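A short worksheet on the structure shown next.
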Amino acid sequence: MNTLRLTVFDIEKDRENLIKAAEILKSGGLVGIPTETVYGLAANTFDEEAVSNIFKAKGRPQDNPLIVHVSDMEMVKELVSELPEKAKLCAEKFWPGPFTMVLPRGDKVPKSVSAGLDTVAVRMPSNLVARELIKVSGLPLAAPSANLSGSPSPTTADHVLFDLDGKIDAVIVSDKCDVGLESTVISLCCEPPRLLRPGGVTLEQLQEMLPDIVVDKAVLAQPEKGKPVASPGMKYKHYSPKARVIMLDGEFEDFKNYVADHTDDGTFALVFEGEEQELSVPCVSFGHKDDELEQAAVLFDALRELDSCGCKVCYARVPQKSGVGLAVYNRLIRAAAFEVVTL
Ligand code: TXA
Ligand code: MG
């Protein structure tokens, strides 16, 4: 299958391509779409065969549910069996934006979208191209990140094609994703509400709306083998470059010394901007030390760059865990398969 490239930078000027993408979705195809977080691999939520093709194209485990993307609150009502008061408040505050709510699943949503769970994850993206595509097609779009399962999420159409060219019908070529990391996921199907995955909407912002929200253990630590997890996606090794990533938790001086003592062929360091010249090995940087928004925006590109440079082992600096930094930390520790050395 040839993957069609459809350029949509402007929803008015590039309307024809937007309509083409909507037609592909309506006839059961798969389209890579830009969002403000990462690129998604979209299909019609109500078309079970299209949904099953998403899992095939990505090599995604069948037990990992998808997020359904909507353009307005009317669409949300089609998807859920009940819309709790807290969900309405959160929707007003955080939508459209990088924020996903797990809600009671309505009968219209095929079980396969939710990997058999009786809940459904719903998000209204702020990216205009994504929202307009949902509107034009008239379909809520089921979309995981548009990468091969396990590899870093894509933030450009080129990343999508690198992983999925020939396996999907089309990709929309558009602006780079601004946030750079996947959305915040919370569950409102439990009491108290639970943060399942940190993202662009921060824990601090959520606590203002939901003071009793708890952070799922899987956000910061490796889920125990064999135990059920609230968000199935959390149990997989994720976001990983092919290189072995090891996080070194400590001061920069100790980081430098450790790397100098452990240098071999193919050793790299993943450091903060400006630190590169002080290291004795090749470096890739992921934003300034105190700028977690920048770190989020470039982390996945940095992980992909490590692979393209032939990196075998990479020692990584540890980001702060506050604000969006919690999301950066959550992705990096998964890329490192939870391998952390305390200096
Ligand atoms: O920003 C994003 O959320 C991107 C863009 C494309 O919107 N999508 C994305 O999808 O990151 P994906 O499939 O890569 O991650 C979805 C996460 C997984 O960790 C999955 O386990 C969790 O959301 N999830 C989905 N439905 C769920 C449900 N019903 N209950 C618990 N967790 C759920
Ligand atoms: Mg993903």
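No experiment lies behind these values; they were computed from the predicted model shown. Hydrogens, waters and symmetry mates play no part in the numbers below; they use all other heavy atoms, side chains included. Order of listing sets the numbers, starting from 1, for every ligand and every atom in it.
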Just which atoms of ligand 1 are under 4.0 Å from any heavy atom in [X]?
X	answer
G40	6 (C)
R197	2 (C), 3 (O), 9 (C), 11 (O), 15 (O), 16 (C), 17 (C)
H69	5 (C), 6 (C), 7 (O)
L66	25 (C), 26 (N)
T119	28 (C), 29 (N), 30 (N)

Option from L41, L6, I24 for which side chain to side chain contact (heavy atoms under 4.5 Å, CB included) with V31 holds: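 Per the side chain to side chain contact (heavy atoms under 4.5 Å, CB included) rule, the option paired with V31 is I24, out of L41, L6, I24.
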Under 3.5 Å between any N/O of [X] and any N/O of ligand 1: does that happen in this structure?
X	result
T100	no
T35	no
R60	yes
E182	no
Y39	no

Euclidean distance, L270 CG relative to R317 CZ, rounded to 0.5 Å: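 Output value for this atom pair is 10.5 Å.
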Rounded distance [0.5 Å steps], CZ in F94 versus OG1 in T184: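 Between atom CZ of F94 and atom OG1 of T184 there are 8.5 Å.
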Chi angles and distances behind the salt bridge (Lys or Arg N to Asp or Glu O under 4.0 Å) call for E23, K20: CA-CA 5 Å; E23 291 304 325; K20 252 187 221 162; over 6 Å; no
Residues [X] and [Y]: side-chain donor-acceptor under 3.5 angstrom:
X	Y	value
E182	S145	no
T37	S183	no
K58	N147	yes

Part of S114 with heavy atoms under 4.0 Å of ligand 1, whether side chain, backbone, both or neither: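 For S114, there is no contact with ligand 1 at all, from either part.
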Ligand 1 contact on R105 by region, counting heavy-atom pairs under 4.0 Å: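 Answer for R105: neither.
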Test item: E276 side-chain N/O and C283 main-chain N/O as donor-acceptor pair under 3.5 Å: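 No: the side chain of E276 does not pair with the backbone of C283.
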Check: K111 main-chain N/O paired with S114 side-chain donor or acceptor under 3.5 Å: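 Not confirmed, S114 side chain does not pair with K111 backbone.
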Could you pull out, from [options], the option with a heavy atom nearest to [atom]?
atom	options	result
atom 12 (P) of ligand 1	A218, S145, S149, S153	S145
atom 4 (C) of ligand 1	V38, L41, N127	V38
atom 26 (N) of ligand 1	A121, P61, G116	A121
atom 18 (C) of ligand 1	T37, N64, L141	N64

Check ion pair R123-E36 (N to O, under 4.0 angstrom):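 Result for this pair is yes, salt bridge flagged.
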Salt bridge flag under 4.0 Å for residues R15 and E132: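 Looking at R15 and E132, the cut-off is met.
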Contact flag N147/the Mg ion (ligand 2), N/O/S atoms, threshold under 2.8 Å: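 Given the 2.8 Å cut-off, N147 does not count as a ligand of the Mg ion (ligand 2).
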